[in-house]
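Quick note on labels: first sequence line is chain A, next is B, and so on, each numbered from 1.
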Amino acid sequence: MLFLIIWLPILTALALMASPIRSARMARDAGMACMALTLGAALYVFFHASAMNAEYTFESRAPWIPSLGISYHIGVDHLSAMLILLTSLVGTAAVGVTPLPKENAKYHYALGLIMVGGMAGAFASLDLFFLYIFHEFALIPTFVLIGIWGAERRRAAAMKITLYLGLGSLILLLGLLGLVWAVGGRTFDLLEIKRMLALVPLATTTQVKLFGILFLGFGILISGFPFHTWAPAGYGEAPPLASMLHAGVIKKFGFYGLMVVAAPLLPDGFEMWKPWVIGMAFVNLLYCGYVAMQQSDLRYMLAYASVSHMGYAFLAFAANTHLALQGLALFLFAHGLSAATGFGIAGFCREKTGTSNISEMGGLARKMPFAAAVFTMVAFAGCGMPGFANFPAELMIFMGSFQRCPWVTVAAVWTAVISAVYMLRAARNAFLGPLPEKWISTGDVDPVRRAMFALLLAALLATGFWPRLVTDGGGAAATYLVQQK
Amino acid sequence: MLWLILFLPLASFVLIVFALLKRHTLAAGISVAAASLNALLTLVAISHPDLVAGSSITWLALGGFNVEIGMQWDPLAQLMTVIVTCIGALIHIYSLGYMREDPCRARYFGYLSLFMFSMLGIVLASNFVMLFMFWELVGLSSYLLIGFWYEKPSAADAGKKAFIVNKIGDFGFLLGIVMTWCVLKTINFQELKSVVPAYLASHAMDGGAALSTIAIITALLFCGAVGKSAQIPLHVWLPDAMEGPTPVSALIHAATMVAAGVYMLCRIGFMLDYAQETLILISWIGGLTALMAALWAVVQDDIKRILAYSTLSQLGYMVMAVGLGSSGSAMFHLATHAFFKALLFLCAGSVIVAMHHEQNIWKMGGIWSRMTWTTATFFCGMMALCGFILSSGGLSKDEILFVAWNTNKTLFTVGTVGAFLTAFYMGRLFFVAFCGGPRGDAAEHARENGAVMTIPLLILSLFTCALAWRKGFLVDAIHLIGGMHEVKAPGLVHILLVVIPFVGFATAYAMYAGVGEKDPLSPSLRECLATKFYFDDIYDWVIRNIQGAATWILGLWDIWVVDLSVKLSALGVLVLGNLLRCFQTGNLQTYVIYLGLALVALIYWGIIHHCPL
């Protein structure tokens, strides 16, 4: 099953590129059919993994380069099963929602499918080499999608995001190689390294160095301050396919890496770097929140909002309590869905009106009530409205973090107010108010895309109403609790 | 039974929003039916307590943090449920008439059902987190209903403002809840009743640290009530909220939602008892709101805004009562106020419809002779609001003032002055809008509305009067809620409180009976009160200049300092950057070749090593 989830999108992408399909609609339909299958498999994996008590399910392993100790080792626990489900939900919606490209459509969709397969692979990998390679697989198409199908400033944006994230993943590679080297250089297998380190932990100085490198690498990928400026540029100019998948899924990889690789393997390093993580949480939450208020472009605003909300996750990671980590896991899921929906709807409005400048829009609710409703839901999910999965996630993070980091938790609670200000301001100025003459003939969302938005929102609402859908299975987040001395 | 009461409106909301947005009559019918059925069910649940089975489901359970969705059916919740469902049902019916020509009324009724669901959730909640969830949902439905006519810029702005101001209050509220759990390890009201004293007892040696922790927690929780019940300094959203349809103003922004803050304070009364400092804060905030809002109401010209300021003022009385340690009298006033204020708003709505959506009282006049039913019922509600002797509002307001007399004479004075002003501005409204001669065509051609609107008015005025004459059942409920002591006040105070409304009303008569189209109040006084003591202006200034400048600077800072310095420090790895730039040739073929090569290499390895992928 896991095999299917990873390789079906990638093989479909290859087939699509090789095929003579010229019509954009056909390419999209092929992509959606593939994603529908993948989604089904991901649902199966998710519910199966939740039902099992074993630590890893669907585990399979084959040696790849035995001399270096690299093996193709995949398997999922509750956390990665949830993230894989997120990947295929967002992937399905992204393929369906993105505007039909005018040219080279089959490449457009193929790259999207490769991103999906790459991310699923990264979340499923239990081998550091493949963890890295699969992530690169997902990352590189992002650059290409922005560079070719992006908006006006796509060149500069693609350049910037390539530099930042390329650098980030290089640093990450260095850190991972350093880690492998530090444990003897005989294996890349995550579980084996974990066992080895449980017996003989690394020296504290080594741990601090390695954690620093990994934290920097993952931090850049997550858009932690001050390495966040790639996000507004990248998401602002990206086609919805790329921004939905990247903001919704790929960005979450950084936290996955911190939770699965960096913190449990290097607990002492984590302890030393904790003040920095807390500081990053604080600055991301407040600083980027206020910068988001200043944005005049809907997509840039959503990008800063997504950067700001990463602070919740940093906070939970730093607090390192059972409750906070569980909240973090649910938050990654919730934020992935709501951010993807937000970028999807912003892209849709841009496609219909030719602008995503908030002050140029205005009054669109009359002509596109569905889009307005979707954006309103994104806005309320963003400021932590109960009913959306963001609320239970944030609640758990607050409850779990207050005793460890009280002041940053206060800042995190205040962030909901900041989010309400910019989200509702955007909703007011873009969708409410009188309908200007120029939008008299704009139309609403078509049925296919309606279904895709409904899919994302249904997942968001279902987990919001009944968070135990995710948290009951995800009890394993406790396994990521880093034991402190 | 309680689950049915809670989820019936949700079902109606879901049905309307997902299936019936185009079927207006059907949607309205379903929503009205759900609300009426709810009122019936509530009465059944009250009279047959054996039908009510307490049960709860676990919504979240992790690491000692348990959130249950459970029902609490104590006298406090019972009283509030009756208020919410009865007034709710009447206002649903009234809306049939008020909104009959609106092209989007299906959406309106859907939102109304959402509101009923959220409000009942607050009332029935058995713990803080459940209360908070529904608390936020009421904020959402209030946002949606204030901005219902979203094409009107003022309505869209008002909805946004209401939500954000409430969110600021909720910031404190949520922190208070988080602290409650972190300190006391439970969020369940029943458990807290025994946990709080136990906590204080076990920390008795700390020299008051535990007591001040409780004081901080309750003060934070009170922030929520300040937002929701529109107390100073977060009162600014309520007058603007009058942009919503009038039945919404009656139901949400007068009778029920804004009272939720007071209800929440009564709910946590057992915690407030341990926090003297918080109680003092609460009583003063309430007292100041009662007085200031009454002052501002004197110079309003919009009929709905006068009523909105009077709502602020009356909420101030309730909050003051809580602060003075008498939750019972706060709930008593909440109950009577809910009925007479809903009545007043619906009467105002009836006038507004008859006047073709004219809301300025200086364009009305002589309505009493054209709209008899509306005027009679309005008079009935006005008597209660002014606190005339033998009216329901009089009974409950006097109760609060008696408590004030016994505990804090300054606040008693504040409340009495407020009572005088209440009678004065209501007299002004009545003499200007309802008496005298018509000022203009609209007033001349005003006609009584149909039965669907007048019958709810009659029923509400019946309730308003009945609450005064047959107050037995209400007083019983209040006694069960507690906090209402046998209040004793000297006879002189009784006489004073009887006389005050007459004095206020008489003053209004002397000034406003038979005036023309201009307010005879001295212009300088009028101007001074019309500033509303600069709250809005200060907030606007802060938002525009301080927050605006700060975000502007941060925005530039982010581009020119953060971004640039990261880029500059990346100079060292520029070589690396150049390397990466190869990817970015802009040539599709090249990109695809990279990817293809990578894939082929990977698969090649796989085949070479005979691995099953």
Side-chain angles (χ1 to χ4, degrees), chain A residues 3 7 10 14 17 62-64 72 104 107 114 140-141 143-144 147-148 158-159 162-163 166-167 170 226-227 229 287 290-291 293-294 321-323 326 363 365-366 380 383 385-387 392 395-396 398-399 402-403 409-410 413-414 416-417 420-421 424-425 428 432-435 467-468 471, chain B residues 58-60 62-63 65 129 132-134 136-137 140 143 147 150-153 156-157 160 163-164 167-168 170-171 174-175 178-179 181-182 547 550-552 554-555 558-559 562-563 565-566 570 573 576-577 580-581 583-584 586 588 591-592 594-596 598-599 602 605-606 609 611-613:
Chain A
F3 165 79
W7 292 101
I10 295 183
L14 291 180
M17 284 198 259
W64 197 273
Y72 175 80
N104 295 321
Y107 296 107
I114 293 178
I140 293 169
F143 309 151
V144 184
I148 295 182
M159 179 75 201
T162 312
L163 272 176
L167 194 65
L170 261 179
F227 307 106
T229 48
Y287 171 80
Y290 278 108
V291 176
M293 251 187 225
Q294 180 61 22
T321 60
H322 181 188
L323 198 54
Q326 191 59 63
R366 168 64 60 209
F380 280 109
C383 48
M385 176 59 62
L395 182 74
M396 283 189 272
F398 300 153
M399 294 282 185
F402 185 74
Q403 272 165 326
T409 308
V410 173
V413 180
W414 181 252
V417 180
V421 172
L424 292 192
R425 195 183 276 174
R428 158 72 184 86
L432 309 182
L435 181 73
R468 285 169 63 185
T471 57
Chain B
T58 306
W59 188 66
L60 262 184
L62 289 159
F65 178 58
V129 170
F132 183 77
M133 289 197 282
F134 286 98
E136 290 288 289
L137 285 177
L140 169 69
Y143 167 85
Y150 59 80
E151 284 179 273
K152 214 163 108 194
D157 286 335
K160 187 184 80 174
F163 190 83
I164 292 173
K167 198 82 191 169
I168 293 173
D170 294 348
F171 161 69
L174 183 55
L175 271 183
V178 170
M179 272 187 82
W181 188 74
C182 288
Q547 183 187 288
T551 55
W552 185 75
L554 289 180
D558 201 53
I559 297 170
V562 178
D563 192 28
S565 58
V566 172
V573 278
L576 204 76
L580 284 166
R581 203 175 299 190
F583 286 115
Q584 226 260 313
L588 181 63
Y591 293 133
V592 175
Y594 287 144
L595 271 169
L599 264 178
L602 211 63
W605 273 106
H609 291 273
C611 291
L613 282 170

Enquirer: Who pairs with Lys167(B) by salt bridge (Lys or Arg N to Asp or Glu O under 4.0 Å), at least two apart in sequence or on another chain?
Expert: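 Counting only residues at least two positions away or on another chain, Lys167(B) forms a salt bridge (Lys or Arg N to Asp or Glu O under 4.0 Å) with Glu136(B).
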Enquirer: With a 4.5 Å cut-off on heavy-atom pairs, point out which of Pro386(A), Ala365(A), Gly363(A), Cys383(A) contacts chain B the most.
Expert: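 So the answer, after comparing Pro386(A), Ala365(A), Gly363(A), Cys383(A), is Pro386(A).
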Enquirer: Looking at every heavy atom in both Leu60(B) and Arg468(A), which two are closest together, and how far apart are they?
Expert: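 Answer, listing the atom of Leu60(B) first, then Arg468(A): N-CD, 4.4 Å.
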Enquirer: Who wins among Gly387(A), Pro226(A), Ala416(A), Gly433(A) for the most heavy-atom pairs under 4.5 Å with chain B?
Expert: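 So the answer, after comparing Gly387(A), Pro226(A), Ala416(A), Gly433(A), is Gly433(A).
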Enquirer: In terms of heavy-atom pairs under 4.5 Å with chain A, which of Val178(B), Ile164(B), Asp563(B) leads?
Expert: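 Ranked by heavy-atom pairs under 4.5 Å with chain A, first place is Asp563(B).
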Enquirer: Would the distance check show the side chain of Arg366(A) and the main-chain N or O of Tyr150(B) forming a donor-acceptor pair, the cut-off being under 3.5 Å?
Expert: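 Side chain of Arg366(A) to backbone of Tyr150(B): no pair is present.
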Enquirer: Rounded to the nearest 0.5 Å, how far does CE of Met133(B) lie from CE of Met385(A)?
Expert: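 Met385(A) atom CE to Met133(B) atom CE measures 12.5 Å (nearest 0.5 Å).
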Enquirer: Do Trp181(B) and Leu323(A) have side chains that approach each other closer than 4.5 Å (heavy atoms only, starting at C-beta)?
Expert: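 Result yes, sub-4.5 Å side-chain heavy-atom pair found.
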Enquirer: Tell me, please, which residues at least two apart from Thr551(B) pass side chain to side chain donor-acceptor pair (under 3.5 Å).
Expert: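 With neighbours one apart ignored, the set is Gln294(A).
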Enquirer: Can you find a pair of side-chain heavy atoms, one from Pro434(A) and one from Lys152(B), that are under 4.5 Å apart?
Expert: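 Side-chain contact under 4.5 Å: no.
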Enquirer: Kindly indicate whether the side chain of Tyr143(B), heavy atoms from C-beta on, has any atom under 4.5 Å from the side chain of Phe380(A).
Expert: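 Side-chain contact under 4.5 Å: yes.
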Enquirer: When heavy-atom pairs shorter than 4.5 Å are enumerated against chain A, which of Ile559(B), Thr58(B), Asp170(B) gives the highest number?
Expert: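 Ranked by contacts with chain A, first place is Thr58(B).
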Enquirer: Would you mind reporting whether Lys160(B) and Val421(A) have side-chain heavy atoms less than 4.5 Å apart?
Expert: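 A side-chain contact under 4.5 Å is absent here.
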Enquirer: Between Leu554(B), Val129(B), Leu137(B), which shows the greatest number of heavy-atom pairs under 4.5 Å with chain A?
Expert: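 Top count of heavy-atom pairs under 4.5 Å with chain A: Leu554(B).
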Enquirer: Check whether any side-chain heavy atom of Phe65(B) sits under 4.5 Å from a side-chain heavy atom of Leu395(A), and report yes or no.
Expert: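 Phe65(B) vs Leu395(A): side chains touch.
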Enquirer: Would you name the heavy atoms of Ala156(B) and Leu432(A) that are closest together and state the gap between them?
Expert: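 Result for this residue pair: CB-CB, 3.8 Å.
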Enquirer: Distance-only, no hydrogens or angles: does the Gln326(A) side chain make a donor-acceptor pair with backbone N or O of Leu62(B) under 3.5 Å?
Expert: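 Judged by distance alone, no pair lies under 3.5 Å.
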Enquirer: For a 4.5 angstrom cut-off between non-hydrogen side-chain atoms, does Trp59(B) reach Pro392(A)?
Expert: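 With C-beta onward as the side chain, the pair touches.
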Enquirer: Could you tell me which of Val413(A), Thr321(A), Val291(A) has the largest number of non-hydrogen atom pairs under 4.5 Å with chain B?
Expert: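 Result: the option with the highest number of such pairs is Val413(A).
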Enquirer: Any heavy-atom pair between the side chains of Trp552(B) and Met293(A) that's under 4.5 Å?
Expert: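 They are not in contact (no side-chain heavy atoms under 4.5 Å apart), so the answer is no.
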Enquirer: Does the side chain of Phe398(A) come within less than 4.5 Å of Leu175(B)'s, by heavy atoms?
Expert: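 Contact flag for Leu175(B)/Phe398(A) side chains = no.
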Enquirer: Of all of Asp157(B), Leu174(B), Ile168(B), which one pairs up most often with chain A through heavy atoms under 4.5 Å apart?
Expert: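 Heavy-atom pairs under 4.5 Å are most numerous for Asp157(B).
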Enquirer: Leu435(A) versus chain B, heavy atoms under 4.5 Å apart: side chain, backbone, both or neither?
Expert: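 Its backbone and side chain both get close to chain B.
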